[in-house]
Amino acid sequence: MKLVIKYCFFVFGVILFFSCEKKERTELSLEEKVLYDSLKSQAFKDIRSKTDAICANISDSLLPPTQTPFMRLGWQKSNSSLKNEKR
């Protein structure tokens, strides 16, 4: 019986030992942050210009239809306020 209890404690200890992992280091030092930023900016330089161009094209195609109703409303309000001031 004592051998079974010792065996159970041994198995439990082995499982507990291998289930606990060390925490990985997630904080970067200042030098590592500078190096990371410079590598990232070099790696994404081409992608950045392409995505900026895509965003500019999308915003150019989306803004005029959405701006015109608001612009019309603004013109109507300004025209009606000008008419009220002339009276």
Side-chain angles (χ1 to χ4, degrees):
M1 187 69 174
K2 288 185 180 184
L3 185 62
V4 174
I5 293 174
K6 286 182 184 180
Y7 180 72
C8 288
F9 276 121
F10 175 74
V11 170
F12 179 73
V14 169
I15 291 173
L16 186 64
F17 177 75
F18 286 111
S19 66
C20 298
E21 295 182 25
K22 291 183 181 178
K23 284 188 174 181
E24 293 185 21
R25 186 174 68 106
T26 56
E27 293 292 323
L28 297 177
S29 67
L30 181 61
E31 294 85 17
E32 291 171 330
K33 288 179 183 179
V34 170
L35 179 63
Y36 174 76
D37 281 344
S38 62
L39 290 174
K40 185 178 73 168
S41 65
Q42 289 175 358
F44 291 111
K45 191 178 287 186
D46 295 335
I47 295 172
R48 176 70 182 214
S49 62
K50 290 177 185 176
T51 55
D52 286 346
I54 291 170
C55 289
N57 288 339
I58 290 172
S59 66
D60 288 346
S61 66
L62 291 178
L63 285 180
T66 57
Q67 273 184 340
T68 52
F70 294 116
M71 292 170 73
R72 288 183 194 145
L73 183 64
W75 280 107
Q76 288 173 355
K77 286 185 177 180
S78 63
N79 284 340
S80 64
S81 64
L82 285 175
K83 289 178 183 176
N84 289 338
E85 287 179 9
K86 289 181 181 178
R87 290 181 186 176

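Below, all heavy atoms of this structure are taken into account, side chains as well, without hydrogens, waters or symmetry copies.
- Classification of Asp52 and Arg48 as a salt-bridged pair holds, one side-chain N sitting under 4.0 Å from a carboxylate O.
- A single hydrophobic cluster is not seen to contain both Tyr7 and Leu16; linkage of ILVMFWY side chains at heavy-atom distances under 4.5 Å, directly or through other members, places them apart.
- Of all heavy-atom pairs spanning Glu32 and Glu27, the tightest one is OE1-O, 4.4 Å.
- When every heavy atom of Ser41 is checked against every heavy atom of Ser38, the shortest pair comes out as OG-O, 2.9 Å.
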